[in-house]
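Lettering follows sequence order; numbering is per chain, from 1. Side chains included, hydrogens not; waters and symmetry mates left out as well; all remaining heavy atoms used.
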Number of protein chains: 2
Amino acid sequence: MEREDLGALLAQLMRRVMEAERPILDAQGLSMWGYAVLSRLADQPIQTQQALAKAIGYDKSRLIPLLDTLEQDGLLTRQPDPTDRRAHTIALTPEGTARLKATKSAIHTMEEDLLAPLTASQKQTLFIALSRLKP
Amino acid sequence: MEREDLGALLAQLMRRVMEAERPILDAQGLSMWGYAVLSRLADQPIQTQQALAKAIGYDKSRLIPLLDTLEQDGLLTRQPDPTDRRAHTIALTPEGTARLKATKSAIHTMEEDLLAPLTASQKQTLFIALSRLKP
DNA sequence: TATTGTTATACTCTATAACTATA
DNA sequence: TATAGTTATAGAGTATAACAATA
């Protein structure tokens, strides 16, 4: 058993990151999944709620109450698609964009802090490796 | 928003790893947490169940039925500590050690396969970085 | 009084299947 | 009939508090 499990290493770091994110998200009034939704919406336009659910790895049935909350909070809008009235197009409001930007900024600051033990080169390689390995 | 979130990258890779581990663990008749327990026990001796729970990030109350199963499967033994009869010392059986070894070997093979897109140097840096960042 | 292991219980997260309205 | 969104519900995972035995 010469090296540690990749899974165990990822799990440990993941837990650290999530613990550090929680107070930031709380302060911004966002859940982890709410943040995932806003991030994905800012990334590029998305057609259906099902596509959104799949993109962030969330179940479509759980997505409904989450979108309800985000809509009530004025962070996004849901509108029936004129070309297919079953579908709803989802769009960030200006407030949603602003909230996302503030949250992402605080999270990146936290992450840089957490990454401080690494050299610039190690940090760069870490992000390259993770990006290359994701599906 | 110049770079991706570390948390999102970790989550995506974590999901991939866990999906790839599931069939291996199923074939070995182990749950994810059962594997975590065996791994930790093989690492170095541990005094109390509470210490074990904390070490793997599991709740002490949930640990009980998990240890029950592993004990029934003949993979570990629980014996009252003679010096403190409240405490139980936990030890891997030879079968537990063998099962762990076979599982870890299969998981590492899978991981190497998954890590194939990286150069040897990137792979090495990834493990160094993850090890350095864990708590 | 404090601690180890245990049990019971409640709470959250997640997935499945069934419903509606459109296509 | 098939699909988008929705709802209801069951199941798994998780945490909290209370208990017995021992220190």
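- Regarding B:L63, its CG atom lies at a distance of 15 Å from the C1' atom of D:dG13, rounded to whole Å.
- Taking OH of A:Y35 as the reference point, atom CG of A:L38 lies at 9.0 Å (rounded to 0.5 Å).
- In this structure, A:Q47 atom CD and D:dG5 atom P are separated by 10 Å, rounded to whole Å.
- Around atom CZ of B:R22, no more than 12 heavy atoms belonging to other residues, nucleotides or ligands sit under 6.0 Å away.
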| task | Kindly determine whether A:Q49 and A:K60 satisfy side chain to side chain contact (heavy atoms under 4.5 Å, CB included), including the steps that lead there. | result | CA-CA 7 Å; A:Q49 295 183 187; A:K60 64 167 184 160; over 6 Å; no

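- Listed nucleotides: D:dA4, D:dT6, C:dT22. Nearest to the side chain of A:R78: D:dT6.
- Nucleotide D:dT6 holds its C1' atom 8 Å from the NZ atom of A:K60, rounded to whole Å.
- The listed nucleotides are C:dA2, D:dT7, C:dG5; the one nearest the side chain of A:I64 is D:dT7.
- At least one donor-acceptor pair closer than 3.5 Å links the side chain of B:T125 to the backbone N or O of B:S121.
- Closest contact between the side chain of B:Y58 and the listed nucleotides D:dG5, D:dT7, D:dT14 involves D:dT14.
- Residue A:W33 has no polar side-chain atom (N or O) positioned under 4.0 Å from OP1 or OP2 of C:dC13.
- Summary of the strand contacts: A:S61 and A:R86 both lie near DNA chain D, and taking for each the nucleotide with the nearest heavy atom, the more 5' one is attributed to A:R86.
- Distance B:Q79 CD to C:dG5 P: 14 Å, rounded to the nearest Å.
- Residue A:D84 has its side chain nearest to C:dA23 when only C:dA8, D:dG5, C:dA23 are considered.
- Rounded to an integer number of Å, the gap from CD1 of B:I90 to C1' of C:dT6 is 13 Å.
- Distance A:Q50 CD to C:dT22 C1': 14 Å, rounded to the nearest Å.
- When distances are taken from the side chain of B:Q49 to each of C:dA23, D:dA4, C:dG5, the shortest belongs to C:dG5.
- Listed candidates were D:dA23, C:dT14, C:dT16. Nearest to the side chain of A:D59 is C:dT16.
- With B:V17 as the fixed residue, the side-chain contact (heavy atoms from CB on, under 4.5 Å) test singles out one of B:E21, B:R15, B:M14, B:E19: B:E21.
- Per the geometry, CZ belonging to A:R62 stands 11 Å off C1' belonging to C:dT12, to the nearest Å.
- One can place NE2 of A:H88 at 12 Å from P of C:dA23, the figure rounded to the nearest angstrom.
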